[in-house]
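My questions will all concern the structure given below.
Order of the sequence lines fixes the chain letters, A, B, ..., with proteins taken first and strands second; residue numbering starts at 1 for each chain.
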Amino acid sequence: MLFDIDIDKTLRSGQRSFYLRLRLRSAHRRIVILGPSGAGKSISLQAIAGLLRPDHGHIRLDGRSLFDAAAGIDLAPQQRRLGYLFQDYALFPHLNVRQNIAFGLTGGWRNPPADAGGAAVDYWLDAFGLRPMARQMPAELSGGQRQRTALARALVAQPRALLLDEPFAALDPALRVTLRQELDHLQRELQVPMILITHDQEDAAMFGEQVLRMQDGAVEMAPDGSDAAALIGF
Amino acid sequence: MLFDIDIDKTLRSGQRSFYLRLRLRSAHRRIVILGPSGAGKSISLQAIAGLLRPDHGHIRLDGRSLFDAAAGIDLAPQQRRLGYLFQDYALFPHLNVRQNIAFGLTGGWRNPPADAGGAAVDYWLDAFGLRPMARQMPAELSGGQRQRTALARALVAQPRALLLDEPFAALDPALRVTLRQELDHLQRELQVPMILITHDQEDAAMFGEQVLRMQDGAVEMAPDGSDAAALIGF
Amino acid sequence: GEITVSAAASLTNAFREIAGAYEAQHPGGKVALNFAASGVLLQQMAKGAPVDVFASADQETMDMAVQQGLVKAAARRDFARNTLQVVVPADSKLALKGLPDLTQAAVSKIAIGNPASVPVGRYARHALEAARLWPLLETKAIHTQNVRQSLDYVARGEVDAGFVYATDAALMPGKVRVAFSVPLDTAILYPIARTAASTNGAEASRFVNFIASRAGQAILAKYGFQQP
Amino acid sequence: MDAAWIALALSLKVAAWATAINLVFGVGIGFLLARRRFPGRDLLDTLLTLPMVLPPTVLGYYLLVLIGRRGWLGAWLQEHFGINLIFTWQAAVLAAAIVAFPLVFKPARAAFEAVDGQLEQAARVLGISEMAIFFRVSLPLAWRGILAGLLLAFARALGEFGATLMVAGSIPGKTQTLSVAVYEAVQAGQDGLANLLVLITSTVCVAVLLAAGWLAPGHSGRRA
Amino acid sequence: MDAAWIALALSLKVAAWATAINLVFGVGIGFLLARRRFPGRDLLDTLLTLPMVLPPTVLGYYLLVLIGRRGWLGAWLQEHFGINLIFTWQAAVLAAAIVAFPLVFKPARAAFEAVDGQLEQAARVLGISEMAIFFRVSLPLAWRGILAGLLLAFARALGEFGATLMVAGSIPGKTQTLSVAVYEAVQAGQDGLANLLVLITSTVCVAVLLAAGWLAPGHSGRRA
Ligand SMILES: Nc1ncnc2c1ncn2[C@@H]1O[C@H](COP(=O)(O)OP(=O)(O)OP(=O)(O)O)[C@@H](O)[C@H]1O
Ligand SMILES: Nc1ncnc2c1ncn2[C@@H]1O[C@H](COP(=O)(O)OP(=O)(O)OP(=O)(O)O)[C@@H](O)[C@H]1O
Ligand code: MOO
Ligand SMILES: [Mg+2]
Ligand SMILES: [Mg+2]
């Protein structure tokens, strides 16, 4: 099993509580999650990335336990080595585009310099058309430029898995096509497992070896693309 | 002329500069702006809303001068009475959903109470499916819930014109259909002029009495839906 | 009526008791006491503080008050006398008999009130200059802001010796030991006066008289002050 | 021990007034420095920090020169209103307020500068007046930083004695604040009394600061 | 006037050291209080504010009790290292550092609390160690608020004389800082000298604060 996830988590805000129940076993490398707004998609990714501690259950990726309540395992986000594109980008406001992208490449106590480089950073700057605004700060970017910067930042460090939360939502159709191809290319080359959240049918068609539908905090069904190896538990 | 806009503005960040040249004359009430990421769409709305001072030119809406460099007119954003949905929402982080929506309805020095009400707020809470999370803070919302809150906040105060920056980008297709209808309904009822930025062809089809294409800071053409009264100058 | 009395810090304990006794004897009279270093008190008055009676720890400060017209020369009178002493920590092994002994190598730090502003330091400096010891001892001096700070340093053993008034030395009998009394060519005399600006001259004069009375002097004696 | 309670009450009154004054002026000036750009802004900011750098006694001395009966402000007050501030608790308030002023305006400025300008823009577009935006958006979002400064200012005002001693004197029951009393007890060698007074001051201060921290609206101000 | 320059140099040395110490401890403790939740956190925060509330002279008195030759820490230092801090400039640094400590940690805590937690989360996912996140994300984003506190602390340290006077004495050329000299000049009624010294202190302080404000990295920290 590439993905073996079985967790639940209750979130509370005042009177209201939201119950997340995520079960997912799949041998597919590319999983797409669809679902209405507020279904629990983003929260699921946060749990997988280690930013939200599930109440019970386990998260295994490619045989590696990232979280296991019973066994007392809870890897720090740092140890999970995932690439995560946040739905609202979470760009570092004090660093320019180039530094944001290069951020994860250097482990020291200093931020990369304003002209931080390396072939990898340059590659993604060009691939995503960010070269002209490489030295601009996030506050000086357009919405789509921010999203591309965040996506490049998630991809550049060759993570063990990709968690992408609506990666193309702020882009125009032409750019979407280009970036989808870039992502497709990268994923095939590295054979890295990927979960992608989207509202876009074309994303689902391109990346959904398996498509999951979430609703009210639970995975509902595997309407299409599912194969024998995929078991979606309830 | 409902819209009579002719401005230019240069933005600078380090070496790079971006030159916005917006000319738009139109008698249509519903205008859609399409264009690639970074074309200058959001900046155009900011200029119209009075958040970015153009270097030259004028902005007239429905006969009223909002800005006129030659005549020395530059209405404060407050006096323009527009409804503006920011691309990244700009929700007030210290106020719950209800308070955010009711924010513009009360003019005093105090924020609306946590259970701020009025028929208008309730109407939009229900119309946008936000009732269950009315008392949640923005940080506790999903991406789509944030966008809906921001949209409701822009619509509730019956503005003189609507500026909507990708209002449905974070929503699932079903919700998009509902919200489009709500917006359509509101606009028809109030006959309020509207500029809508989108990457979605369906938005363009539904709201684009006139569709403009921006590219590199300039309006390029009026490919469809234009009628004789609409003049797009260059 | 109510009067405000500004008195030097070294008079704190004695004046508190005197004020109580005065108020008991003169019902209706009320005394507000204001303590600080004599120099601070002078400055407050010079800038217009509403003071009715001024008691300083030395003649020089009162002289300045007279010069500045704050006090009429005729109104001043001396009301107490004090002695300058050299004290050492109670457990000190030093046997100091007189000022020349302070030049011993074993004495490395001496607390002296800052001669520029603190009366007790001024007296000490006069004595040392008269004995031609000032240049020798200047490098050992630790300047303090008032007599109580000198006393405290000695009590804690931070310095080897210190110049204080007899009234202060008497406050810490277990912690400091009096090595010797310092002979002075001018006596340490505390002057008191009704101020020129006093709006309640009668009450002020009555209080000054009370200090000089048998009852007042008895209380001062209790705290170790001698008669003028 | 009654005297201690009177001194405590006086201290609290003085510190409360001084803090209230700084709430208005410190926050106001902090906001102006954060939002308005004008030549000499940084210089003004620094000049306003000077009350920190002067020893309180020296500050008190200059204050005395200013508001004393012979100071130009003091003379004016005396002449027109018959007010003499020296040796009054109001003078103690003035001294404490000036000494603590930089503690409020500087953190307030920094806090206002950290507020996302886009939120104020959003409020503007919604038709809210600049004044109302200040109270409804900027102030709540900067509140944590401001509160930190206010609590520091309150503590500082409670502990102030150098400048107070100069302009308000040390008259028990009238202008002798707790910290002046502590100072005098230490000077008088009354260690026991000093320790007791310090204990009272510290306990009261801790209680007030804790209460303020809990009662004050604590918007966490996280961005949505 | 040579004496004034020596006193100035000493003042700057003492203030610089005190500020450096507070940079480390004030920022460190401010960060821990902002990020770690533990019982008694608010109480600890308030207790750490107490140096503000004690009159400096009184603080100096307790410091003397502690590090003096007969204080338990002083005795220990004396016995094991042969160090006697009293009447040294290091004692002045200690006094100034303690007096100014709350000015750094409280604004620092508030500034760290205003940093968007999601940005630290993002850095975590990118594999950056907690320590590196502190230096690369939290600190730069909180820097404005911290800097405000540091500048206040520097000014305060420069102006400190009450506690300094107690533990470091006032030995010209050795421990007599400029503010002690100002204080003594005022006490001695040497108005001309006092004014001159105040002018020097103020000018130097303004220059240092302005320079610090300009040189220090001034990330505006606006959210993207
Ligand atoms: N901190 C929180 N406390 C309480 N409820 C929360 C919190 N964060 C999120 N929620 C709720 O959890 C639900 C799931 O949120 P999530 O962000 O996962 O939705 P989503 O599926 O990503 O939706 P969208 O497509 O709109 O982004 C929402 O209803 C939201 O209101
Ligand atoms: N403050 C600024 N300084 C310099 N350049 C800026 C600034 N703000 C925006 N820009 C540049 O202006 C251009 C237009 O930005 P704008 O946000 O209007 O794009 P957009 O058309 O809305 O794109 P998107 O669809 O990606 O949101 C971009 O290239 C951006 O990099
Ligand atoms: O009583 Mo004094 O004024 O310290 O010598
Ligand atoms: Mg989401
Ligand atoms: Mg945009």
Answer yes or no: are there more than 12 heavy-atom neighbours, outside B:D216 itself, under 6.0 Å from its atom CG?
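Open.
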Side chain to side chain, B:S13 and A:M137, heavy atoms closer than 4.5 Å
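No, their side chains stay 4.5 Å or more apart.
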Could you have a look at B:S42, B:A169, B:G144, B:P36 and say which one has the most heavy-atom pairs with chain A under 4.5 angstrom?
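Highest number of pairs under 4.5 Å: B:P36.
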Contact part of A:E166 toward chain B, heavy-atom cut-off under 4.5 Å: side chain, backbone, both or neither?
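Contact with chain B involves the side chain of A:E166 alone.
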Residue part contacting chain B, namely of A:Q136, when any heavy atom lies under 4.5 Å:
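Both backbone and side chain of A:Q136 come within 4.5 Å of chain B.
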So B:R16 and A:R135, do their side chains get closer than 4.5 Å, heavy atoms only?
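The answer is no, as the side chains (C-beta and beyond) never meet within the 4.5 Å cut-off.
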Does the side chain of B:D88 reach to within under 4.5 Å of the side chain of A:R146, using non-hydrogen atoms?
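When only atoms from C-beta onward are counted, A:R146 and B:D88 do touch, with a gap below 4.5 Å.
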Please classify the contact of B:E140 with chain A as side chain, backbone, both or neither, using a heavy-atom distance under 4.5 Å.
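Side chain only.
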Other residues, nucleotides and ligands only: do more than 12 of their heavy atoms fall within 6.0 Å of CZ on B:R131?
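Yes.
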Which bit of B:A174 is near chain A, if near means a heavy-atom gap under 4.5 Å: side chain, backbone, both or neither?
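Neither part.
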Residue, of B:G35, B:A170, B:P173, B:G129, that accumulates the most heavy atom pairs under 4.5 Å with chain A
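With the most close heavy-atom pairs to chain A, the winner is B:A170.
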Please round to the nearest 0.5 Å and tell me the distance separating atom CD1 of B:I197 and atom CG of A:D172.
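Nearest 0.5 Å value for the CD1-CG distance: 12.5 Å.
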Less than 4.5 Å apart, any side-chain heavy atom of A:S37 and any of B:S142?
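A side-chain contact exists here, since the closest heavy-atom pair is under 4.5 Å.
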